[in-house]
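Have a look at the structure below, then the notes.
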Amino acid sequence: MARPNEDVRALLQEYAELLLITGKDAYKARAYEKAARAIGGCHADVSTLDAKGLREIPGVGKSIADKVVEYLRTGSMPAVEEERARIPAGVRRLMEIPALGPKKALTLYEELGVSSVGELREAVEQERLRDLKGFGPRSEENILHGIGLLEASGERIPVHAATELAEEIVAALSAVPGCVDCAWAGSLRRMRETVGDVDVLVAARRSEPFMEAFTALPFVAEVIARGEKKTSVRTAKGTQVDLRVVPPDSWGAALLYFTGSKAHNIRIREMAVRGKLKLSEYGLFHTESGRKIVSRTEEKVYSRLGLPWIPPPLREDRGEIAAGLRDELPQLITERDIRGDLHTHTDLTDGLAPLEDMVAAAAERGLRYYAVTDHAPDLHMQRMTRDKMLAQRERVRALDRTHRGLRLLHGTELNIGPDGEVDWPPEFLADFDVCVASVHSHFGLDRDAQTRRLLAACEHPYVHVIGHPTTRILGKRQSMDADWDAVFAACARTGTALEVNAHPNRLDLTDELVLRARDHGVKFAVDTDAHSVPDLGYLRYGVGVAQRGWLTPEDVITTWPLTRLRHFLRKRAGTRAR
DNA sequence: GCCGTTTTCGGCCCGACTGTTTTCAGTCG
């Protein structure tokens, strides 16, 4: 399944939360949290490490290393099992509701016996929270709002988890003898930010070996349905996966049909009907004779309908068919077009890996330029100072050109304050190669205030990129409210790029806002915001959002050659020479 | 539980915000 690191990370994180709920030493819990994060972000596979190797990971000492070794050996961690026996899983889930932490979760459990999100909703509706110390009318409101957010995302899984699962299934089924084609379809192929289930398609003459191999996969917990053409299973983590096996000469029509979206398919089928044709998952047919015309590839099906092949991220009925008919589909950006990253962290602030490791990993990924942009002092918890920043700059300059083909930029991620102010004065900012500015607090200001705040940041001469512009966290925090068209106009006017943050929990801007911003002529920076080496691999999901937003390489400054990028950055600061 | 040019004990990111209180606890980044 996913990397063992991920399983260990989740387990240690769970243990930390259980310790917090049961009121154990908060520092002990923090130690587990820290270790969980470090293991999640560690690029070595933990299952290949022994206790000694594990202890080399910062934050992992003897006790945690031993627990991990035992878990990897036996598949269980007794300390966690013990705590689980005391606190129902639902109580821990309560902490996923914004504004509910361990203390309030425990109060709800002990005082009211609430041990699930559903029970909490009932308790609020029955006004049973009113008498509880620490809870008032606003708490009720916030909790109901939080439950709504949680439930809205609850049944969908984030794109990266779905992709990892789909890759594993496709690899396994591709190895089954008789496999002609195998791919995932559905909203995952369209690169939606979350997916409800995973659809996998196989082209083969006989379906039985694939159904057999599919249901035997190690992470399959339940077989929901098993037939000749379709089998559905549920994984141990609760994700539904559908497998469909089609004859090789239906592959194109089937892939088209199962990729969707529904709205796109309806449009395509209407076009077929107008041409006296019928399109189904089995092929494109003459309505009258019933004779099959084409269906071997998607290209052939589209072509027979007078359309060029339409990339899956565009298939949302947002004008792609009209554009295709006019032969004006965008030449979509691909991951291969990306030359650089303008937003990354190191362990100087809240990143996990040292500068040298991040840079080496960027070089290995073939990037041509890479900006190190640790947090600035207004995010107080990061304890940044001018001296630390200047010392880091020395190290960045010394590392520059030590990896073949990779140039390093020294930047910072500024904090946009409630009035749009940023951390350092212009004379200090002038010496950075690039400044990203992002909102990290005051999410609840009203629309006008947020708009003014973002406009002020755009107007700043040394702010080049607005990081994670809406500040949404999938399933946790909604986008902040602002007059986005005003912000986009300001970005276009001032030459400020908007970030497409590739982290799967953010994916911010969203595809809809990318589309709107693009109409204003805004430029974009697809960045990873990497806090660890593995995070650099999330780039593909940012590219997915950019594709869904119809972006071409021309729209995205991180595809540009460095000289052109430098020109873009220089323009913002007038006559600044470099 | 982890860690160490303040090193084997005694710290541990720390300040701001929110909603609850009437001086603060809990949550968040």
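Computed from a prediction, not measured in an experiment: that's the story for all the values here. Letters A, B, ... are given to chains in the order of the sequence lines, protein chains preceding strands, and every chain is numbered from 1.
One atom, NZ of A:K104, and another, P of B:dG19, lie 9 Å apart when rounded to the nearest Å. Following rounding to the nearest Å, A:H440 (NE2) and B:dC28 (P) show an atom-to-atom distance of 17 Å. Rounded to an integer number of Å, the gap from CZ of A:F135 to P of B:dT18 is 18 Å. For the pair A:R30 CZ and B:dT27 P, the interatomic distance rounds to 14 Å; values are reported in whole Å. Between A:D419 atom CG and B:dA16 atom P there is a gap of 15 Å when expressed in whole angstrom units. As a whole-Å value, the separation of A:L20 CG from B:dA25 P is 17 Å. The separation between A:E96 atom CD and B:dT27 atom C1' is 16 Å, rounded to whole Å. Rounded to a whole Å, the CZ atom of A:R55 is 8 Å from the P atom of B:dC3.
At the heavy-atom level, A:S441 lies nowhere under 4.0 Å from the strands shown. Contacts of A:Y32 with the nucleic acid, taken as non-hydrogen atoms under 4.0 Å apart, involve only primed sugar atoms and P, OP1 or OP2. Counting non-hydrogen atoms under 4.0 angstrom, A:N142 reaches the backbone sugars and phosphates but no base. Residue A:K62 is in sugar-phosphate contact alone, with no base atom involved, counting any heavy-atom pair closer than 4.0 Å across all strands shown.
Of the candidates B:dT27, B:dC17, B:dG1, B:dG1 carries the atom nearest the A:S63 side chain, counting heavy atoms from C-beta on. Among B:dG29, B:dT20, B:dG1, the nucleotide with an atom closest to any side-chain atom of A:R477 is B:dG29. Comparing B:dC17, B:dG1, B:dG26 against the side chain of A:H442 picks out B:dC17 as the nearest. For A:P102, the side-chain atoms get nearest to B:dT27 when compared with the rest of B:dT27, B:dG29, B:dT20. Of the candidate nucleotides B:dG1, B:dT27, B:dT20, B:dT27 has the atom lying nearest to any side-chain atom of A:K103.
Between A:T496 and A:T494, the side chains place a donor N or O and an acceptor N or O closer than 3.5 Å (distance only, hydrogens not considered). A donor atom on one side chain and an acceptor atom on the other are found under 3.5 Å apart for A:R453 and A:Q450.
Nucleotides B:dT8 and B:dC3, compared at atom C1', are 10 Å apart to the nearest Å. Nucleotides B:dG15 and B:dT21 place their P atoms 27 Å apart, quoted to the nearest Å. Going from the P atom of B:dC17 to that of B:dT23 covers 22 Å, rounded to whole Å. B:dC13 sits 15 Å from B:dT27 when the C1' atoms are compared, rounded to a whole Å. Comparing B:dC2 with B:dT6, their P atoms sit 23 Å apart, to the nearest whole Å. Straight-line distance between the P atoms of B:dT20 and B:dC28: roughly 15 Å, to the nearest whole Å.
Atom NZ of A:K24 has more than 12 neighbouring heavy atoms from other residues, nucleotides or ligands inside a 6.0 Å radius.
Without hydrogens or angle criteria, A:E459 side chain to A:A457 main chain gives no donor-acceptor distance under 3.5 Å.
Both cation-pi conditions hold for A:K104 and A:F135: the charged atom is under 6.0 angstrom from the six-membered ring centre and inside a 45 degree cone around its axis.
B:dT8 is unpaired under the criterion used here, namely a Watson-Crick or G-U wobble arrangement in which both key atom distances are under 3.5 Å.
In this structure, A:K67 and A:I97 both approach DNA chain B, and ranking their closest nucleotides by distance from the 5' end singles out A:K67. Of the two residues near DNA chain B, A:K133 and A:A35, the one whose nearest nucleotide lies more 5' is A:A35.
Rounding to the nearest 0.5 Å places NE2 of A:H410 at 10.0 Å from SG of A:C435.
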